[in-house]
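Structure, as structure tokens:
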Amino acid sequence: MRYELVIFDNDGVLVDSEPLSNTILAAYLTELGHPTSYEDSLRDYMGGAVHRVHDTVLERTGRRLPEGFDEEFHARVFAAFARELEVVAGVPDMLAKLVAEGMPYCVASSGSHERIRVGHHKTGLDRWFPEGRVFSAQDVGRGKPAPDLFLHAAERMGVAPEHCAVVEDSPLGVRAARAAGMDVYGFTAMTPAAKLGTATGYFDDMGQLLGLLA
């Protein structure tokens, strides 16, 4: 393969969490007096860390979200994960093939470490992602679209940015990977290629990924 490391986004790429979490976020913001549709949530927050929600609401309204927002939001999301979360189709087979190829990989997610672990435990992905392969926006000062998280993951994995391939499904994530100097492959199962910006390539089925990386 052309790369020395594959860095996966988590939500929407490994676990099918974006519909759940954005439905919950839109409803919670609306409940708090910030009317938000599901489509609004996808457009404004998909791929970003929770601080992006705080920053956007404050910028638009001049009002801060209540203390305890993060804890309540995560509690609602984790409850939905326990009931409904599924792995993205084709991911276990794709990971098994990466292992067979001897290709190093990791996850770099805007979500918290707890969110990643809850989702991976529910879907069985924890067997593929031990502690040393899990990186969160909690680990760096700025989340996506800043490049910090991807650069941190590459450094910890011992690979230069130009030898990394990122797998993303959000415009924020594509921007972050490009800013880090990495190739990025856009997963278009939820987000059309036209909205993913300047990705290196696009695919809509996990079975296609290894062909793009070869």
Side-chain angles (χ1 to χ4, degrees), residues 1-22 25 38-49 52 86-95 97-98 101 103-111 115-116 119 123 125 128-129 133-137 142-154 157 159-214:
M1 290 189 180
R2 290 184 286 149
Y3 302 100
E4 297 177 12
L5 176 67
V6 182
I7 305 176
F8 292 98
D9 176 44
N10 188 56
D11 293 293
V13 170
L14 299 176
V15 295
D16 193 18
S17 53
E18 294 291 10
L20 293 174
S21 59
N22 281 281
L25 179 58
Y38 172 70
E39 290 75 19
D40 293 336
S41 185
L42 290 177
R43 181 194 65 222
D44 295 337
Y45 306 122
M46 181 176 168
R52 183 178 178 84
E86 301 287 346
V87 68
V88 168
V91 162
D93 286 346
M94 178 271 296
L95 291 173
K97 290 175 182 176
L98 278 183
E101 292 277 353
M103 170 60 68
Y105 64 89
C106 64
V107 60
S109 172
S110 292
R115 176 179 173 130
I116 298 166
T123 58
L125 288 180
W128 299 101
F129 290 93
R133 294 190 183 195
V134 177
F135 305 101
S136 161
R142 298 181 299 166
K144 304 169 189 177
D148 304 36
L149 176 56
F150 288 138
L151 292 172
H152 171 71
M157 295 293 290
V159 177
E162 61 268 25
H163 298 308
C164 297
V166 174
V167 183
E168 266 288 352
D169 73 328
S170 75
L172 292 176
V174 171
R175 285 168 56 193
R178 281 306 198 189
M182 300 176 180
D183 284 354
V184 55
Y185 294 89
F187 183 46
T188 61
M190 274 193 64
T191 306
K195 293 187 176 182
L196 286 178
T198 57
T200 309
Y202 306 92
F203 67 107
D204 62 6
D205 185 302
M206 281 295 161
Q208 301 167 344
L209 178 60
L210 268 65
L212 293 174
L213 300 178

| query | With no hydrogens and no angle check, do the side chains of Arg115 and Ser21 hold a donor and an acceptor under 3.5 Å apart? | reply | yes

| said: Checking the side chain of Thr200 only, and the main-chain atoms of Tyr185 only, is there a donor and an acceptor separated by less than 3.5 Å? | reply: no

| remark: In this structure, CZ of Arg133 is separated from CD1 of Ile7 (nearest 0.5 Å) by 12.5 Å

| Rounded to the nearest 0.5 Å, how far apart are OG1 of Thr188 and NZ of Lys195? | 12.5 Å

| remark: When rounded to the nearest 0.5 Å, the distance separating CZ of Arg175 from OG1 of Thr198 is 10.0 Å

| request: Measure the CG-NZ distance between Leu213 and Lys97 for me, rounded to the nearest 0.5 Å. | output: 12.5 Å

| query | Does any N or O in the side chain of Ser109 come within less than 3.5 Å of the main-chain N or O of Asp9, such that one atom is a donor and the other an acceptor? | reply | no

| Are any of the side-chain heavy atoms of Val87 and Pro92 separated by less than 4.5 Å? | yes

| Verdict with supporting geometry, Phe8 and Leu95, side-chain contact (heavy atoms from CB on, under 4.5 Å) | CA-CA 11 Å; Phe8 292 98; Leu95 291 173; 4.0 Å; yes

| query | How many angstroms lie between atom CG of Asp93 and atom CG of Leu209, to the nearest 0.5 angstrom? | reply | 12.5 Å

| field | Smallest separation among heavy atoms of Pro19 and Tyr38, with atom names | value | CA-OH, 3.5 Å

| field | Residue pair Asp169 / Asp11: nearest heavy atoms and the distance that separates them | value | OD1-O, 3.4 Å

| Between Leu172 and Met46, does a side-chain contact (heavy atoms from CB on, under 4.5 Å) hold up when you go through it step by step? | CA-CA 8 Å; Leu172 292 176; Met46 181 176 168; over 6 Å; no

| query | Looking only at heavy atoms, which two atoms of Tyr202 and Gly197 are closest? And how far apart? | reply | OH-O, 2.6 Å

| note | Of all heavy-atom pairs linking Pro161 and Leu151, the shortest is CG-CD2, 3.7 Å

| query | Strictly under 6.0 Å, is that where the ring centroids of Phe203 and Phe187 end up? | reply | yes

| So, the side chain of Arg178 versus the backbone of Pro147: is there a donor-acceptor pair under 3.5 Å, distance only? | no

| request: Starting from the C-alpha separation in whole Å, work towards a yes-or-no answer on side-chain contact (heavy atoms from CB on, under 4.5 Å) for Val88 and Leu14. | output: CA-CA 5 Å; Val88 168; Leu14 299 176; 5.7 Å; no

| field | Closest contact, heavy atoms only, Leu42 versus Met190 | value | CD2-CE, 3.8 Å

| remark: Sorted by chain and residue number, the ring-ring contact (aromatic ring centres under 6.0 Å, His included) partners of Tyr105 (sequence neighbours excluded) come out as Phe129

| query | Hey, are the side chains of His163 and Leu5 touching, using non-hydrogen atoms and a 4.5 Å cut-off? | reply | no

| message | Working to the nearest 0.5 angstrom, can you tell me the gap between Met103 CE and Glu4 CD? | response | 8.0 Å

| request: State whether the side chain of Thr191 and the backbone N or O of Ser170 hold a donor-acceptor pair below 3.5 Å, judged by distance alone. | output: no

| note | Shortest non-hydrogen pair, Ser110 vs Lys144, comes out as OG-CD, 3.4 Å

| So do Met206 and Val13 actually touch side chain to side chain, heavy atoms under 4.5 Å? | yes

